[in-house]
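Side chains are part of it too, since the values below use all heavy atoms of this structure and drop only hydrogens, waters and symmetry mates. Throughout, numbering of the chain's residues begins at 1 and tracks the sequence. Note that the structure is predicted; figures quoted are calculated from it, not measured.
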Amino acid sequence: MNGTAKNEQLKRIRNIILLSCLIVILIGLFYILAKIGISIPCMFNKITGLLCPGCGNTRAAISLIKGDIAAAFSYNALFPVEFFYIAWVFIISSVRYIKGKRFSYVPPCQWLDIVILITVSVWTVVRNILLFI
């Protein structure tokens with residue numbers, strides 16, 4: 001690898017580290033806001049009265065930070081699947097970016113993306129049906 005390519009790769013690694021730090025800072029901000037009673041409302045829920053696939057994820061993440069696993073699952077049972085999928089997408093996109101490609105997601109295993117999409121869709125329907133039972 002020549003010097004220019006090496007410098008470009010180091011710049012891309014620095015960008016990923018900065019983006020990761022920004023994400024950690026935002027998570028910390030959400031945690032602090034939740035501690036003082038300020039939360040971000042779900043616009044889908046406000047408009048429709050139904051729960052979106054991510055409803056409860058902020059409270060679930062805060063519960064996990066506190067070590068309360070049962071509460072985390074009670075807010076959104078699919079939270080771990082959603083969290084690890086988003087982490088997976090971020091890691092795959094970051095590796096592609098460091099290797100010189102655009103920061104975009106190209107699924108390495110499309111069947112997994114389809115399974116996740118179906119799971120999240122079914123969960124969204126089921127959790128809303130359970131609301132009305």
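Across all non-hydrogen atoms, the minimal contact from T119 to L78 is CG2-CD1, 4.0 Å. Residues C42 and C52 approach most closely at SG-SG, 3.6 Å, considering heavy atoms. Heavy atoms only, all atoms of each residue included: L50 and F44 are closest at O-CD2, 3.7 Å.
For L10, the CG atom counts as densely surrounded, since its 6.0 Å shell holds more than 12 non-hydrogen atoms of other residues, nucleotides or ligands. Summarising the local packing, CZ of F90 is surrounded by more than 12 heavy atoms from other residues, nucleotides or ligands at distances under 6.0 Å. Around atom CZ of R14, more than 12 heavy atoms belonging to other residues, nucleotides or ligands sit under 6.0 Å away. Heavy-atom neighbours of W88 CH2 from other residues, nucleotides or ligands within 6.0 Å: at or below the threshold of 12.
Under a hydrophobic clustering in which Ile, Leu, Val, Met, Phe, Trp and Tyr are joined whenever their side-chain heavy atoms come within less than 4.5 Å, directly or via other members, V89 and V120 fall into the same cluster. One hydrophobic cluster, built from ILVMFWY side chains closer than 4.5 Å, cannot hold both F132 and V125; they sit in different ones. Taken together through direct or relayed side-chain contacts under 4.5 Å among Ile, Leu, Val, Met, Phe, Trp and Tyr, I23 and I62 form parts of separate hydrophobic clusters. Residues I65 and I32 are members of separate hydrophobic clusters, defined by side-chain heavy-atom contacts under 4.5 angstrom among Ile, Leu, Val, Met, Phe, Trp and Tyr. Following chains of ILVMFWY side-chain contacts shorter than 4.5 Å, one cannot reach W111 starting from I114, and the two form parts of different hydrophobic clusters.
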Requested in this report: For side chain to side chain contact (heavy atoms under 4.5 Å, CB included), just list the numbers for S20 and V24, CA-CA rounded to whole Å, side-chain angles, deciding distance to a tenth of an Å, and then say yes or no.
Outcome: CA-CA 6 Å; S20 299; V24 169; 5.6 Å; no

Report task. Check the pair N7, K11 against side chain to side chain contact (heavy atoms under 4.5 Å, CB included), reporting the backbone distance first and the verdict last. Result -> CA-CA 6 Å; N7 287 340; K11 185 174 108 178; over 6 Å; no

Requested in this report: Would you check, one step at a time, whether the test side chain to side chain contact (heavy atoms under 4.5 Å, CB included) holds for F103 with I16?
Outcome: CA-CA 10 Å; F103 188 82; I16 293 299; 3.6 Å; yes

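Defined by atom type and a distance below 3.5 Å, a donor-acceptor pair is missing between the side-chain atoms of Y75 and D68.
Residue F84 holds its CZ atom at 11.5 Å from CD1 of I116, rounded to the nearest 0.5 Å. I98 contributes atom CD1, which lies 11.0 Å from atom OG of S93 (distance to the nearest 0.5 angstrom). Atom-to-atom distance recorded for T124:OG1 and I129:CD1 is 11.0 Å, nearest 0.5 angstrom. The distance from atom CG of L51 to atom CG of L130, rounded to the nearest 0.5 Å, is 10.0 Å. Rounded to the nearest 0.5 angstrom, Y31 OH and I36 CD1 are separated by 12.0 Å. For the atom pair L18 CG and I13 CD1, the distance stands at 12.0 Å (nearest 0.5 Å).
Between the side chain of N57 and the backbone N or O of N76, no donor-acceptor pair lies under 3.5 Å. No donor-acceptor pair closer than 3.5 Å links the side chain of R127 to the backbone N or O of V122. R12 places a side-chain N or O within donor-acceptor distance of the main-chain N or O of Y97, the cut-off being under 3.5 Å. Remark: the backbone N or O of S74 is not paired with any side-chain donor or acceptor of R59 at under 3.5 angstrom.
In this structure, the side chains of F79 and L64 come closer than 4.5 Å at one or more pairs of heavy atoms.
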